[in-house]
Amino acid sequence: MSDSSPTDRVHELGRANSAAFSPLYQQIKGLILQGLDRGEWKPGEAIPSEFELAARFQVSQGTVRKAIDELAADNLLIRRQGKGTFVATHNEAKVRYRFLRLAPDDGRQAVSSSQILDCRRTKAPADVAQALDLRAGDVVVNMRRVLSFDDMPTILDDIWLPGAPFKGLTMESLTRYRGPVYALFETEFGVSMVRAEEKLRAVVASDAQAGWLKVDPGSPLLQVERVSYTFGDRPMELRRGHYVTERYHYRNSLN
């Protein structure tokens with residue numbers, strides 16, 4: 001971005017949107033997103049108050065509040081009563097599993113655990129490169145893990161990440177880490193996953209998948225292919241998961 005002032009940037013956004021009108025609060029939302037993308041406010045940190053942001057962008061506090069409301073609804077910001085507004089982090093319990101929509105049939109919260117099976121740097125296959133907006137043959141990190149609930153293997157994940165932003169991600173670092181992998185991506189590599197798109201289909205377990213998930217070969221599985229994006233709609237992860245749904249269902253809310 002240029003060195004123009006925040007007010008100039010609001011005016012520039014307004015001119016850019018003159019043909020297709022964008023409300024002022026949406027323009028402020030865009031400027032806050034740019035600050036998040038630049039790392040001006042880190043995950044878990046407080047952003048300036050509505051009063052400070054209103055003064056910075058020379059708009060009303062109501063306009064800033066509406067922009068922040070939308071960012072909070074998108075789980076990018078978290079309001080804390082009496083404390084302020086904070087950048088969402090995947091270390092937060094509310095955000096930690098927001099991309100995982102598998103729910104137990106009995107409604108009981110299960111204890112989760114993760115086993116890393118492999119992590120290596122390799123050349124991107126054509127389909128992975130396309131999903132991550134890379135060139136075929138670019139270096140990617142490929143990791144595989146099993147996610148268990150109450151010690152029952154439930155999800156086998158194949159995860160692909162662009163090599164450059166995740167330089168230094170190794171089997172050893174993943175094995176040592178005890179939190180959610182998205183929190184590791186935030187704290188160690190500065191990559192926040194802020195939204196995702198998924199495709200689902202019914203498949204049967206291969207011999208290898210059946211071995212890791214402790215089911216019979218040919219058992220029904222739910223295949224979930226997810227592309228996760230960071231700020232600026234940049235794809236940062238391709239994840240292909242195979243889910244055992246004997247005691248679980250895939251739940252989504254449609255508005």
With side chains defined as the heavy atoms from C-beta onward, is the minimum distance between Met193 and Glu237 less than 4.5 Å?
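Yes - at least one pair of side-chain heavy atoms lies under 4.5 Å apart.
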Is the number of heavy atoms from other residues, nucleotides or ligands under 6.0 Å of Gln130 CD greater than 12?
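No, because the 6.0 Å sphere around CD of Gln130 holds 12 heavy atoms or fewer from other groups.
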Is it the case that atom CD in Glu246 sees more than 12 heavy atoms from other parts of the structure closer than 6.0 Å?
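Atom CD in Glu246 is not packed in, count stays at 12 or less.
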Any donor-acceptor N or O pair under 3.5 Å, side chains Gln34, Glu40
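Absent: no donor and acceptor within the cut-off.
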Least distance between heavy atoms, Glu186 atom then Ser192 atom
CG-OG, 3.7 Å
When Ile, Leu, Val, Met, Phe, Trp and Tyr are grouped by side-chain heavy atoms lying under 4.5 Å apart, directly or through other members, which residues fall in the same group as Leu221?
Leu117, Val146, Leu156, Val203, Trp212, Leu213, Val215, Val244
Inter-residue atom distance Ile159.CD1 - Leu169.CG, 0.5 Å rounding:
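If I round to the nearest 0.5 Å, the distance is 9.5 Å.
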Does a salt bridge link Lys199 with Glu197, judged by any charged N lying under 4.0 Å from a carboxylate O?
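Salt bridge between Lys199 and Glu197, a charged N being under 4.0 Å from a carboxylate O: no.
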Verify side chain to side chain contact (heavy atoms under 4.5 Å, CB included) between Lys66 and Leu24, making sure each step is shown before the conclusion.
CA-CA 10 Å; Lys66 195 165 183 179; Leu24 185 57; over 6 Å; no
Taking the side chain as everything from C-beta on, heavy atoms only, tell me whether Asp74 gets closer than 4.5 Å to Lys29.
yes
Is the number of heavy atoms from other residues, nucleotides or ligands within 6.0 Å of CG (Asp151) greater than 12?
no
Only one of Asp158, Asp118, Asp157 passes salt bridge (charged side-chain N to carboxylate O under 4.0 Å, His left out) with Arg144; say which it is.
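Running salt bridge (charged side-chain N to carboxylate O under 4.0 Å, His left out) over Asp158, Asp118, Asp157 with Arg144 returns exactly one hit, Asp158.
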Note, Val224 side chain near Tyr243 side chain (heavy atom, < 4.5 Å)
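Yes, at least one pair of side-chain atoms sits under 4.5 Å.
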Should the pair Asp150-Arg247 be classified as a salt bridge under the 4.0 Å nitrogen-to-oxygen rule?
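Judged by the 4.0 Å cut-off on N to carboxylate O distance, Asp150 and Arg247 do not form a salt bridge.
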Determine, step by step, whether Ser228 and Tyr182 satisfy the side-chain hydrogen bond (donor to acceptor under 3.5 Å, both in side chains) criterion, reporting the C-alpha distance in whole Å, the side-chain angles of both residues, the deciding distance to 0.1 Å, and the verdict.
CA-CA 10 Å; Ser228 299; Tyr182 281 173; 3.0 Å; yes
What do you reckon, is CZ of Arg120 surrounded by more than 12 foreign heavy atoms closer than 6.0 Å?
no
Taking the side chain as every heavy atom from C-beta outward, state whether Asp138 and Pro162 have any pair of such atoms under 4.5 Å apart.
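No, their side chains stay 4.5 Å or more apart.
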How many angstroms lie between atom NZ of Lys167 and atom CG of Leu161, to the nearest 0.5 angstrom?
16.0 Å
Ring pair (Phe, Tyr, Trp, His ring centres under 6.0 Å) involving Phe231 - partner list, sequence neighbours excluded:
none
Evaluate the side-chain proximity of Thr89 to Thr187: yes if any heavy-atom separation is below 4.5 Å, no if none is.
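No, their side chains stay 4.5 Å or more apart.
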Could you grab the distance from atom CG of Leu71 to atom CD1 of Ile47, nearest 0.5 Å is fine?
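Rounded to the nearest 0.5 Å, the CG-CD1 separation comes to 7.5 Å.
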For Val227, what are the other residues in its hydrophobic cluster, where any two members join if their side-chain heavy atoms are less than 4.5 angstrom apart?
Val128, Leu132, Leu134, Val140, Trp160, Tyr229, Leu238
My understanding is that only residues two or more places apart in sequence, or in another chain, count here; which of them pass side-chain hydrogen bond (donor to acceptor under 3.5 Å, both in side chains) with Ser206?
Gln209
From CA spacing to verdict: side chain to side chain contact (heavy atoms under 4.5 Å, CB included), Thr154, Leu102:
CA-CA 10 Å; Thr154 305; Leu102 201 66; 3.7 Å; yes
Would you give the length of the straight line joining atom CE of Met171 to atom CZ of Arg176, rounded to the nearest 0.5 angstrom?
12.0 Å
Is the NZ or CZ atom of Arg79 positioned over Phe86's six-membered ring, under 6.0 angstrom from the centre and within 45° of the axis?
no
Can you name the residues that form a ring pair (Phe, Tyr, Trp, His ring centres under 6.0 Å) with Phe166, not counting sequence neighbours?
Phe185, Phe189
What closest approach, in Å, do Trp41 and Ala46 show between heavy atoms, and which atom pair accounts for it?
CD1-O, 4.2 Å
Taking side chain as C-beta onward, heavy atoms only, is His242 less than 4.5 Å from Leu222?
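A side-chain contact is absent here, since even the closest heavy-atom pair is not under 4.5 Å.
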Quick check: does any side chain N or O of Ser60 sit under 3.5 Å from a backbone N or O of Thr63, one acting as donor and the other as acceptor?
yes
Exam field: side chain Arg195 to backbone Thr230, donor-acceptor pair closer than 3.5 Å:
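Side chain of Arg195 to backbone of Thr230: no pair is present.
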Where do Ala88 and Asn75 come nearest, in terms of heavy atoms and distance?
CB-O, 3.1 Å
Does any N or O in the side chain of Arg178 come within less than 3.5 Å of the main-chain N or O of Thr175, such that one atom is a donor and the other an acceptor?
yes
Check against side chain to side chain contact (heavy atoms under 4.5 Å, CB included), Cys119 and Val141:
CA-CA 7 Å; Cys119 179; Val141 177; 3.8 Å; yes
Minimum-distance pair of heavy atoms, taken over all atoms of Ser148 and Pro153:
OG-CA, 3.4 Å
What I'd like to find out is whether the side chain of Leu76 reaches to under 4.5 Å of the side chain of Val87, using heavy atoms alone.
no
Locate the shortest heavy-atom distance separating Pro235 from Ala131; write the atom from each residue and the value.
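So the minimum-distance heavy-atom pair works out to CB-O, 3.5 Å.
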Taking atom types as modelled and ignoring hydrogens, do the side chains of Ser173 and Glu188 form a donor-acceptor contact shorter than 3.5 angstrom?
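Note: Ser173 and Glu188 side chains miss the donor-acceptor criterion.
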Distance-only polar pair, side chains of Tyr25 and Glu70, donor-acceptor under 3.5 Å
yes
Through direct or indirect side-chain contacts below 4.5 angstrom among Ile, Leu, Val, Met, Phe, Trp and Tyr, which residues connect to Phe51?
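Its cluster partners, ordered by chain and number, are none at all.
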Look up atom CZ in Arg65 and atom CD in Glu50, then write down how far apart they are to the nearest 0.5 Å.
4.5 Å
What are the two closest non-hydrogen atoms of Tyr177 and Leu184, and how far apart are they?
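That closest heavy-atom pairing would be OH-N, 3.5 Å.
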Is there side-chain contact between Leu53 and Ile68, with at least one heavy-atom pair below 4.5 Å?
yes
Stepwise, does the side chain to side chain contact (heavy atoms under 4.5 Å, CB included) test hold for Gln115 with Leu147?
CA-CA 7 Å; Gln115 178 187 5; Leu147 189 62; over 6 Å; no
